[in-house]
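Just so it is clear: chains get the letters A, B, ... in the order the sequence lines come, proteins before strands, and each one is counted from 1.
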Amino acid sequence: MSNIKPEDFFKSIIGHCKEYGFIFQSSEIYDGLSAVYDYGQMGAELKKNIRDYWWKAMVQMHENIVGIDSAIFMHPTTWKASGHVDAFNDPLIDNKDSKKRYRADVLIEEHVAKIEDKINKEVEKAAKRFENFDAEMFKSTNGRVKEYQEKIDAINERFKTALNANNLEEVKQIIIDLEIVCPISGTKNWTDVRQFNLMFNTSTGAVTDETNIIYLRPETAQGIFVNYLNVQKTGRMKLPFGIAQTGKAFRNEIVARQFIFRMREFEQMEMQFFIKPGTEMEWYEYWKKARLNWHLALGLGSEKYRFHDHLKLAHYANAACDIEHQFPFGFKELEGIHSRTDFDLKQHQEFSGKKLQYFDSETNESYVPYVLETSVGLDRLFLAVLSSALKEESLEGGDTRTVLNLPLALAPYKAAIFPLVKKDGLPELAESIMKDLKFDFMVAYDEKDTVGKRYRRQDAIGTPFCITVDHQSLEDKTVTIRHRDTMKQDRVAISDLHSILTEKTSINSLLRTL
RNA sequence: GCGAAAGUAGCUCAAUUGGUAGAGCUCCAGCCUUCCAAGCUGGAGGUUGCGGGUUCGAGACCCGUCUUUCGCUCCA
């Protein structure tokens, strides 16, 4: 595997996903829809198992964490309060010569900053000339400085007016009038300014009307924040407590690529942990450790994970880091752990006019709790698991086999049942074993082709165990159980199969390792 | 969104300067077979991504479009 180039390995993952029914491109018969993918019969199982593992680890294993399932549609004001309406609306412009893209507002702000520099230089110069220099006085009286300041004010005013009117042509005209050049090419050969709204929108009601525009949520977190008080009161929750949920979110990415790593429609698994202000760094460290351990328990290899601390923090955070995973295309974000302070709840308090405070009976005071967020991309985790699991093994005798070394608890099928041959009553016994196991496990049945071929088929979809019924089985009620990873076989009693599978392949067993 | 490359059966790929679309694997039905993809027989599967154009004739050439990959850009 080491001699395979990363790009080729990544291609083989995508190919494997399609070939064995893990992931298909959306609407493939219509040439597909860019950056949208469907989970197939194997993928849906694997994804569900990952989600279950998360849900059980977060909700079932913590008495102070509860789960909810909030709607994708939310009141439009939600996104004003959260900052997404502003933050996800960037006017962008390209320089045709350098092929570089810029945010139009940044270009203009940088231009303004240059003029401000000039003012500062004037002030500096003057400061050297006069004793008892009053900078403010100088700024308000010096002709050259006043001229610069007027220019800045004029630009800002014009830009603000253009933005508020959503007049993108005017924004472009400002850039042209200011003779702003591309830092790379040095030319003024600009494209039109285009607005990229990262939020999808649609409308409620039968009549399409601007007042009814609603967004598809760009993150699931806000559904938790707006329900914080509902859950706290009805669940009689005391700080610290958490609210978890999994669900779809939507972002109209300009460039969405790298298979399911960045999709327009994706699924998040989020937990917002509500805490007393001042304790956030404690909990930040706690959840960093807890979440990393959760990932490590999957056994994909500890060398594949690392923390990446955010140096530049988002508007809502006072501490933030990512758990990064080594994907075939490098270390990339898998999960974010953010200390969001009271930003979100305060914003919703302000925009809704409803108090979102918590009464602390220990200290007899009310306050808006701080929030510690853990947020995993389910699709990214799926990709992490799958790409770590896919192996092309060389066997003795020059053979190779394709095997998915999935964590046993996550495998779509836990076992496959084979009659060694398709006669002598072996299929009947095999089927009766399957009928018994399927109450508790996803099991496959296969009697086609040689048994070796059947083993390989199951290896390719990551089935941990293959149970083969042979002639001896008819006599002593035993079968062979073949292990995916070692290809070794043991002979066990049919009556023991249930407990073996439970011990080895259940999510509960995985949870016990945490 | 820009630039580059690519798109032929489920998969991997052929197809001479433009001249009747093929192979292997897979899949399906059956035979054979007592444990790691390898035997035998038969079968299915294609409007060459899609739409135009040039030509007597296009998988190939031209234009458009969609999708994918890589680089840039953007981003939780």
Side-chain angles (χ1 to χ4, degrees), chain A residues 5-8 10-12 14-16 18-21 24-37 84 87-88 90 92-103 106 184 191-192 194 196 198 218-221 249 251-259 261-262 266 268 270 308 310 314 316-317 320 322 329 332-338 373 375-377 380 393 395-403 418-424 426 448-460 466-473 479-484 486-489 491:
Chain A
K5 281 188 284 181
E7 311 93 84
D8 292 340
F10 191 42
K11 272 183 193 163
S12 76
I14 297 168
H16 194 86
K18 189 189 171 191
E19 187 173 354
Y20 290 95
F24 307 121
Q25 197 184 3
S26 165
S27 319
E28 196 186 356
I29 62 168
Y30 293 107
D31 290 330
L33 185 61
S34 181
V36 184
Y37 292 89
H84 285 88
F88 274 20
D90 296 334
L92 299 180
I93 189 166
D94 291 6
N95 183 273
K96 288 179 188 168
D97 297 313
S98 65
K99 310 290 185 199
K100 294 285 174 188
R101 167 167 298 165
Y102 302 92
R103 279 174 53 176
V106 170
I184 307 288
T191 62
D192 288 341
R194 282 156 300 180
F196 286 87
L198 255 54
E219 65 173 31
T220 53
R251 284 183 200 172
N252 197 4
E253 302 281 354
I254 303 165
V255 176
R257 274 210 218 134
Q258 287 172 314
F259 197 39
F261 185 80
R262 176 164 292 131
F266 58 100
Q268 294 183 309
E270 288 198 332
H308 174 253
H310 288 208
Y316 52 74
D322 296 335
F329 40 85
K332 298 279 179 186
E333 179 192 355
L334 182 61
E335 171 155 4
I337 295 157
H338 298 169
E373 169 189 80
S375 174
V376 204
R380 288 182 179 186
E393 280 184 0
L395 305 176
E396 292 170 35
D399 271 1
T400 62
R401 71 161 181 159
T402 303
V403 58
F418 306 149
L420 185 58
V421 291
K422 205 172 17 174
K423 60 183 181 188
D424 305 334
L426 299 187
K448 176 89 178 126
D449 298 313
T450 65
V451 72
K453 214 166 180 172
R454 284 178 265 167
Y455 288 147
R456 298 302 174 83
R457 275 203 285 264
Q458 296 301 324
D459 287 340
C466 290
I467 295 159
T468 303
V469 175
D470 55 21
H471 290 91
Q472 189 184 331
S473 306
V479 290
T480 64
I481 183 162
R482 178 260 196 191
H483 300 251
R484 176 194 68 194
T486 61
M487 298 168 69
K488 295 259 166 59
Q489 284 176 282
R491 182 162 283 276

Does [X] place a side-chain N or O at less than 4.0 Å from the phosphate oxygens OP1/OP2 of [N]?
{"X": "A/K453", "N": "B/rU26", "value": "yes"}
{"X": "A/T450", "N": "B/rC35", "value": "no"}
{"X": "A/K18", "N": "B/rC11", "value": "yes"}
{"X": "A/Q25", "N": "B/rU67", "value": "no"}

Spell out yes or no: do the side chain of [X] and the base of [N] have one donor N/O and one acceptor N/O closer than 3.5 Å?
{"X": "A/R482", "N": "B/rC36", "value": "yes"}
{"X": "A/D470", "N": "B/rC35", "value": "yes"}
{"X": "A/R262", "N": "B/rC75", "value": "yes"}

Classify the nucleic acid contact of [X] as base, sugar-phosphate or nothing, counting any heavy atom under 4.0 Å across all strands shown.
{"X": "A/T480", "value": "base"}
{"X": "A/D322", "value": "base"}
{"X": "A/Q489", "value": "base"}

Side chain to side chain donor-acceptor pair (under 3.5 Å) test vs A/D459 passes for just one of A/R482, A/R454, A/R484, namely A/R482
Report the distance from atom [atom1] of [X] to atom [atom2] of [N], rounded to the nearest whole Å.
{"X": "A/R456", "N": "B/rA38", "atom1": "CZ", "atom2": "P", "value": "9 Å"}
{"X": "A/D449", "N": "B/rC32", "atom1": "CG", "atom2": "P", "value": "15 Å"}
{"X": "A/K423", "N": "B/rC32", "atom1": "NZ", "atom2": "P", "value": "7 Å"}
{"X": "A/R251", "N": "B/rC74", "atom1": "CZ", "atom2": "C1'", "value": "13 Å"}
{"X": "A/I14", "N": "B/rU67", "atom1": "CD1", "atom2": "P", "value": "16 Å"}
{"X": "A/L33", "N": "B/rC50", "atom1": "CG", "atom2": "C1'", "value": "16 Å"}

From the candidates B/rC35, B/rC27, B/rC75, the one with an atom nearest any side-chain atom of A/R457 is B/rC27
Judged by nearest nucleotide, the residue sitting upstream toward the 5' end of RNA chain B, A/E19 or A/M487, is A/E19
Between A/Y37 and A/Q268, the residue closer to the 5' end of RNA chain B by nearest nucleotide is A/Y37
Considering only atom [atom1], compute the distance from [N] to [M] and round it to an integer number of Å.
{"N": "B/rG45", "M": "B/rC28", "atom1": "P", "value": "15 Å"}
{"N": "B/rG59", "M": "B/rU16", "atom1": "C1'", "value": "14 Å"}
{"N": "B/rU26", "M": "B/rG19", "atom1": "C1'", "value": "32 Å"}

When rounded to the nearest 0.5 Å, the distance separating CD of A/Q25 from CD1 of A/I14 is 10.0 Å
